Amino acid sequence: MKKKLVAVFAVFFVLGMLMFSTVSSAYLDPSTATFIVQIVAGVAVACGAAFTFYFRKIKRKLKGNNDENADNVQSLDNSKDGFDDSEFDEDDE
């Protein structure tokens, strides 16, 4: 029902725009054009971020890993970091 209502609204909106549109001879100065380009770029970046966010969520669900921070968690094993921590052991005193 809701999809049908949205479709009917979209059809009336498009038809209204076509029927009641007027020709206008307007001037767009360079600052207005720059503002429009900034809006388009911002929307593109936001869409890319949203796509990446949801793509990672979907990928995580398909792999079966339900940990929210799976991409950000690093290994806590200190032996793999390449540093010798033996000089900091308190047992040598």
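It should be emphasised that the depicted structure is a prediction, and the values quoted were computed from it without experimental measurement. Values below: all heavy atoms of this structure, side chains included; hydrogens, waters and symmetry mates excluded.
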Those residues at least two apart in sequence (or on a different chain) that pass side-chain hydrogen bond (donor to acceptor under 3.5 Å, both in side chains) with T52 are none
Connected to V14, directly or through other members, by ILVMFWY side-chain contacts below 4.5 Å are L18
Grouping ILVMFWY residues whenever side-chain heavy atoms fall under 4.5 Å, the cluster of L15 otherwise contains V11
For F55, the ring pair (Phe, Tyr, Trp, His ring centres under 6.0 Å) test, sequence neighbours excluded, returns F51
Distance col, row D29:CG vs T34:OG1, nearest 0.5 angstrom, shows 8.5 Å
In short, ring pair (Phe, Tyr, Trp, His ring centres under 6.0 Å) pairs touching residues 7-41 with sequence neighbours left out are none
